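Chain naming here is simple, since letters A, B, ... match the order of the sequence lines and numbering starts at 1 in each. This is a predicted model, so every value here is computed, not measured.
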There are 2 protein chains.
Amino acid sequence: MFSKACEYASKIMIYLASKRDEDKLAGLKDIAKAINSPEAYTAKILQQLVRRELLLSVRGPNGGFGIHKNKEVSLMEVVMAIDGEGIVKKCILGLEVCSENRPCPVHDKFVAVRDHLRGILSTTLITEVGDGIEESIFFLK
Amino acid sequence: MFSKACEYASKIMIYLASKRDEDKLAGLKDIAKAINSPEAYTAKILQQLVRRELLLSVRGPNGGFGIHKNKEVSLMEVVMAIDGEGIVKKCILGLEVCSENRPCPVHDKFVAVRDHLRGILSTTLITEVGDGIEESIFFLK
DNA sequence: ATAATTAAGGATAAATTTGTCCGGAATTAT
DNA sequence: ATAATTCCGGACAAATTTATCCTTAATTAT
């Protein structure tokens, strides 16, 4: 469904959202441990998220990563940043063009699934799903 | 969503279903043209579908591929044959274990999407969606 | 029998994704 | 200033997916 990179990115965002009330940032090692991901690869994904301005970073001692407070981020934005719009746009059978006018044989059926998916991705905020991590109601690894 | 191989496989099955009333089989070249796929790679996927007994094949002049008549095949079976059960089983965030008991933060939301997807995959029969290809109501390329 | 046709299957290559390594830049504390 | 810490970014490596090539096996028609 999502790429590995996108899975990591989502978990990163949710993890950092769950720590949004702490006054200090989370470092790479901390993050990689929390989501059980390879450190160096995680660093690459963090970079992308920073470039896309979904995260903030600061270097040096006591540096690290954190979410922008006062900025609501949906899961959709995270997925778009890493995997692009394919998951909610591309034809399930891979047709270059697939539309009402020129549909693949399963077009209508999968438009419904994609709309369902899109709805959930865009209404799910990372702060919302971040709650419950610290309390071990939900898990990231 | 699906692998390229699985996209090709689905289109192959639908295409052959759309020709199920013809008395002759469809050859590799014919199929690859009909679904706009690389010939050699398509041959590999055809092999897999034959091994999984979702297709029949015969060699030699006038040989080719066709669906088994009297055997209803759902899109689910095709997807399982090529991509495995991941799409309807694996955690969207990639957690090794993700269940009611030990859920990822978006477990419930995506259970719903997956159920939706599963429902459509298992109720969609290739013969059903095959109709409309010949008449150019639906397209495979 | 022989030649022509078509799928089967193994080996290999190209492309993409995932993952690692390392030197450099920024920041902080001493 | 210096050293320690931490992110940045480029190069590279491994794994996986996608794609190609070529020989063999089966079948049919001549």
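The environment of NZ in A/K90 is sparse: at most 12 heavy-atom neighbours from other residues, nucleotides or ligands sit within 6.0 Å. Around atom CD of A/E39, more than 12 heavy atoms belonging to other residues, nucleotides or ligands sit under 6.0 Å away. For B/K69, the NZ atom is densely surrounded, since the number of other residues' heavy atoms within 6.0 Å is greater than 12.
Side-chain contact check for B/S122 and B/S74: no donor-acceptor pair (N or O, by modelled atom type) lies under 3.5 Å.
Projected onto DNA chain C by closest heavy-atom contact, A/G60 and B/R59 fall at different nucleotides, the more 5' of which corresponds to B/R59.
For A/C98 against A/H107, the heavy-atom pair with the smallest separation is SG-ND1, 3.2 Å.
For A/D131 and A/R20, the salt-bridge test passes: some basic side-chain N is under 4.0 Å from an acidic carboxylate O.
For the pair A/L56 CG and D/dC8 P, the interatomic distance rounds to 10 Å; values are reported in whole Å.
Using a 4.0 Å cut-off on heavy atoms, the residues of residues 21-55 of chain B that approach DNA chain D are B/P38, B/A40, B/Y41, B/K44, listed by number.
The side chain of A/S57 contributes no N or O atom lying less than 4.0 Å from OP1 or OP2 of D/dT6. Contact between the side-chain N/O atoms of A/N62 and the OP1/OP2 oxygens of C/dT27 is not found at any separation under 4.0 Å.
Checking D/dA25, D/dA19, C/dT5 against the side-chain heavy atoms of B/Y8 singles out D/dA19 as nearest.
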